[in-house]
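Single-structure report; data block below.
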Amino acid sequence: MKRQFIAGATCPECGKMDKIQRVIDGDRQWMECVACGLVRDLDAEPPATDANVQKVDLRPPGKH
């Protein structure tokens, strides 16, 4: 399992900056907030909410 903090990322749940880490375990990847415990699957498609929201892909190049 590999963990990598994402510099400058803000948790969508608690709003704290620099607490988000990307976790890769085999073919699965997700993000975790070390401050509030939020976990989100990065392989799942995010729900469409706003036309001005832009999807951010945290996967390394060539791993799509």
Side-chain angles (χ1 to χ4, degrees):
M1 187 177 321
K2 179 181 177 183
R3 295 178 180 269
Q4 178 184 27
F5 276 95
I6 308 301
T10 302
C11 177
E13 190 71 25
C14 69
K16 294 191 177 176
M17 184 181 275
D18 294 333
K19 301 295 181 186
I20 297 292
Q21 61 182 349
R22 177 178 64 177
V23 184
I24 301 172
D25 188 14
D27 291 339
R28 293 185 54 232
Q29 62 178 327
W30 61 94
M31 65 177 247
E32 295 179 355
C33 175
V34 297
C36 72
L38 171 76
V39 175
R40 289 221 177 135
D41 184 3
L42 294 176
D43 295 325
E45 286 295 320
T49 55
D50 187 341
N52 294 323
V53 174
Q54 189 174 33
K55 180 181 174 183
V56 175
D57 191 354
L58 298 175
R59 291 179 283 195
K63 297 282 183 177
H64 301 239

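If you read the sequence from its start, that first residue is 1, and numbering goes on from there.
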Legend entry - Min side-chain heavy-atom separation Pro12-Arg40 under 4.5 Å: yes

Inset, instruction - Kindly write out the residues that satisfy side chain to side chain donor-acceptor pair (under 3.5 Å) with Glu13, not counting sequence neighbours, or none if the list is empty. - result: none

Legend entry - Inter-residue atom distance Lys16.NZ - Cys36.SG, 0.5 Å rounding: 8.5 Å

Legend entry - Heavy-atom side-chain proximity of Leu38 to Met31 below 4.5 angstrom: yes

Inset, instruction - State, to 0.1 Å, how close Asp41 and Gln29 come at their nearest heavy-atom pair, and which atoms those are. - result: OD1-O, 3.3 Å

Legend entry - Other cluster members, Met17 - Ile/Leu/Val/Met/Phe/Trp/Tyr, side-chain contacts below 4.5 Å: none

Inset, instruction - Not counting sequence neighbours, which residues clear side-chain contact (heavy atoms from CB on, under 4.5 Å) with Asp18? List them please. - result: none

Sequence neighbours left out, cut at 3.5 Å: what donor-acceptor pairs do the side chains of residues 4-11 make with other protein atoms?
unit_1, atom_1, unit_2, atom_2, d
Gln4, OE1, Arg22, NE, 3.3
Gln4, OE1, Arg22, NH2, 2.2

Inset, instruction - Say whether Ile20 and Leu42 are linked into one hydrophobic cluster, either directly or through other cluster members, by side-chain heavy-atom distances under 4.5 angstrom. - result: yes

Inset, instruction - Using a cut-off of 6.0 Å, state whether more than 12 heavy atoms not belonging to Asp25 lie near its atom CG. - result: yes

Inset, instruction - Only counting residues at least two apart or in another chain, list the ones meeting side-chain contact (heavy atoms from CB on, under 4.5 Å) with Arg3. - result: Met1, Gln21, Val23, Glu32

